[in-house]
Amino acid sequence: MITEKELLESGFVGLSCVECVTSNDGSYLYYINTRGDLYSMRKKRFLKQLVHNLGYRQVYLTYFIGGGRWFKTHRLVGLQFIPNPDNLT
């Protein structure tokens, strides 16, 4: 099991770019690095990523209240690490 401190020291940041990523107390449910590796604080493990039929890696993130959604990994990395001052989509 990896602690939050160890994740932060190894270059991971709390995933804050999508609506499903924080719990009721405001803590992050997922951590991501620039390579696209995702760690789940709920499951205490790195998430498996599937390859989409077009070749993109994707991962299923669950909402705190139940349910979930598929996200492309490159999109999550871009939303988290690339500045977007004009809020372009």
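In this structure, F81 is a member of the same hydrophobic cluster as L38, with clusters built from ILVMFWY side-chain heavy atoms closer than 4.5 Å. Follow the hydrophobic side-chain contacts under 4.5 Å out from L8 and you reach I2 in the same cluster. The hydrophobic clustering, which links ILVMFWY residues whose side-chain heavy atoms are closer than 4.5 Å, places L61 and L50 apart. Side-chain heavy atoms closer than 4.5 Å link hydrophobic residues (I, L, V, M, F, W, Y) into clusters, and following such links, even through other members, never connects Y60 to V77. A chain of hydrophobic side-chain contacts below 4.5 Å, direct or via other Ile, Leu, Val, Met, Phe, Trp or Tyr residues, connects Y28 to M41.
Annotation for K44: atom NZ counts as buried by contact number, over 12 foreign heavy atoms lying within 6.0 Å. Within 6.0 Å of CZ in R75 there are 12 or fewer heavy atoms belonging to other residues, nucleotides or ligands.
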> Under the side chain to side chain contact (heavy atoms under 4.5 Å, CB included) criterion, do Y31 and E4 qualify, and how do the steps go?
Replying inline: CA-CA 9 Å; Y31 285 83; E4 183 178 1; 2.5 Å; yes
> Between Q58 and Y56, is a side chain to side chain contact (heavy atoms under 4.5 Å, CB included) present by the stated rule, with each step listed?
Replying inline: CA-CA 6 Å; Q58 61 184 4; Y56 296 109; over 6 Å; no
>> Does V13 form a side chain to side chain contact (heavy atoms under 4.5 Å, CB included) with N33? I'd like the steps, not just the answer.
In response: CA-CA 6 Å; V13 295; N33 67 4; over 6 Å; no
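Distance check, rounded to the nearest 0.5 Å: NZ of K43 to NZ of K48 gives 9.5 Å.
Remark: the T62 side chain and the R69 side chain contain no N/O donor-acceptor pair separated by less than 3.5 Å.
Residues in residues 27-38 take part in these salt bridge (charged side-chain N to carboxylate O under 4.0 Å, His left out) pairs, two or more places apart or across chains: R35-D37.
For Q80 (side chain) and T34 (main-chain N/O), no donor-acceptor pair under 3.5 Å exists by modelled atom type.
Not counting sequence neighbours, Y39 has no partner by the side chain to side chain donor-acceptor pair (under 3.5 Å) test.
Side-chain atoms of L47 and Y30, non-hydrogen and from C-beta on, do get closer than 4.5 Å to each other.
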